Amino acid sequence: MRPQATLEGGEEARNGAASARARQVPGAPVLLVADPDTTGVRELTDALAREGVDVTGVTDGAQALLQAGALQPDVVLVSATIPLVGPVDFVRALRASRTMPVLLGIGEGHAELAVQALAAGATACVARPYRVPELLPLVQAAASGEPGAGRALVIGNVELDVGAYQVRVGGEAVHLPLREFELLLYLMRNIDRTVTREQIMRHVWHSSGDTVATNTIAVHVKRLRARLGDTDDTMIQTVRGVGYRLVSPDDR
């Protein structure tokens, strides 16, 4: 039986503290989501319920701490933008008494916050707005205690750890802004395949391209190449008129 998403009522809902809850089903992973975007939480709750995940949603850090103690969820997903108790303080407070995995939802400009939250005890970072195909494996891995949430992708001397929001080149840590991190992740997941500019816009910018400048991808690719030490453009190759291809070391 699939969990069914339902709205929480009562005083909490009127105060905006609790936004959505999925009916509990024995054996299903239980996820607590703390995010001020009530519409996004409802949509995420419905989508994850269809995948067999029980979800409870709250909209601030104080309610999240209360629900974490009351529900004992398998996993907590907390947005970098939660009010009252911020994400770093939330992680520290939770870690004082709880050991469940904590995923941090981050967007553009949250790189430093991600580092602080991971240092405070967060398990992994995930891009926000959330996308179920990326979020679901992290939730399932974290809930089962498997190491999947922190599994790294390695191509040549480039290592990308999705969960830790970390990139290493030749063993040295390299800081990437979120958009460049997501661009590299998308290229690494499509190693030796040509991806079009339209595909990159859709999967990295989550846009059809109408609202993004035409040279945006080229600028980000140029910056990414520089950070990776790809001075001769042999790692990330331009396929003229089409898009880009990340080439494995054996084919360079």
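Note that the coordinates shown come from a computational prediction; the quantities given were computed from them, not determined experimentally.
- From Leu176, atom CG reaches atom CD of Gln166 across 10.5 Å, with rounding to the nearest 0.5 Å.
- Distance CD/Gln72 to CG/Leu32: 11.0 Å, rounded to 0.5 Å.
- Contact detail for Met188 and Val158: the closest heavy-atom pair is CE-O, 4.0 Å.
- Annotation: side chain of Leu118 is in contact with side chain of Cys125 (closest heavy-atom distance under 4.5 Å).
- Separating the CD atom in Glu180 from the CZ atom in Arg227 is a distance of 4.0 Å, to the nearest 0.5 Å.
- Using a 4.5 Å cut-off on side-chain heavy atoms (C-beta onward), Thr238 and Arg225 make contact.
- For the side chain to side chain contact (heavy atoms under 4.5 Å, CB included) test, residues two or more places apart in sequence or in another chain that qualify with Val239 are Thr194, Val242, Arg245.
- Within the 4.5 Å cutoff, the side chain of Val247 has no heavy atoms near those of the Thr234 side chain.
- With sequence neighbours excluded, the residues satisfying salt bridge (charged side-chain N to carboxylate O under 4.0 Å, His left out) with Arg131 are Glu134, Glu182.
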Just distance, no hydrogens or angles: give the donor-acceptor pairs under 3.5 Å from side chains in residues 82-94, sequence neighbours left out.
unit_1: Asp89; atom_1: OD1; unit_2: Arg92; atom_2: NH1; d: 3.4

### Derivation of the side chain to side chain contact (heavy atoms under 4.5 Å, CB included) call for Val55 and Leu44
CA-CA 9 Å; Val55 183; Leu44 182 64; 5.9 Å; no
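- When side chains are defined from C-beta on, Leu246 does not count as touching Asn190, because their heavy atoms never get closer than 4.5 Å.
- Atom CG of Leu184 and atom CD1 of Ile236 lie 6.5 Å apart (nearest 0.5 Å).
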Enumerate donor-acceptor pairs with a distance under 3.5 Å from any side-chain N or O in residues 102-116 to protein atoms, sequence neighbours excluded.
unit_1: His110; atom_1: ND1; unit_2: Gly107; atom_2: N; d: 2.8

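- To the nearest 0.5 Å, atoms CG (Leu187) and CD1 (Ile200) are separated by 5.5 Å.
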### Query
Step by step, would you call Leu66 with Val58 a side chain to side chain contact (heavy atoms under 4.5 Å, CB included)?
CA-CA 10 Å; Leu66 291 173; Val58 298; over 6 Å; no
### Query
How far apart are the C-alpha atoms of Thr45 and Val33, what are their side-chain angles, what is the distance that settles it, and do they pass the side chain to side chain contact (heavy atoms under 4.5 Å, CB included) test?
CA-CA 9 Å; Thr45 296; Val33 178; 5.8 Å; no
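- Looking at Val75 and Val53, their side chains never come closer than 4.5 Å, going by heavy atoms from C-beta outward.
- For the pair Leu31 and Leu48, the minimum side-chain heavy-atom distance is below 4.5 Å.
- For residues 96-106, the set of pairs meeting the salt bridge (Lys or Arg N to Asp or Glu O under 4.0 Å) definition, not counting sequence neighbours, is empty.
- With sequence neighbours excluded, the residues satisfying side chain to side chain contact (heavy atoms under 4.5 Å, CB included) with Thr39 are Asp37, Glu43.
- Scored by the ring-ring contact (aromatic ring centres under 6.0 Å, His included) test, Tyr186 finds His203 as partners (sequence neighbours excluded).
- Screening residues 113-130 for salt bridge (Lys or Arg N to Asp or Glu O under 4.0 Å), with sequence neighbours left out, gives Asp35-Arg128.
- Separating the CZ atom in Arg223 from the CG atom in Leu183 is a distance of 12.0 Å, to the nearest 0.5 Å.
- A side-chain donor-acceptor contact under 3.5 Å links Asp74 to the backbone of Val30.
- Annotation for Pro73 and Ala68: closest pair CD-O, 3.5 Å, computed over non-hydrogen atoms.
- In this structure, the side chain of Asp60 engages the main chain of Gln63 through a donor-acceptor pair within 3.5 Å.
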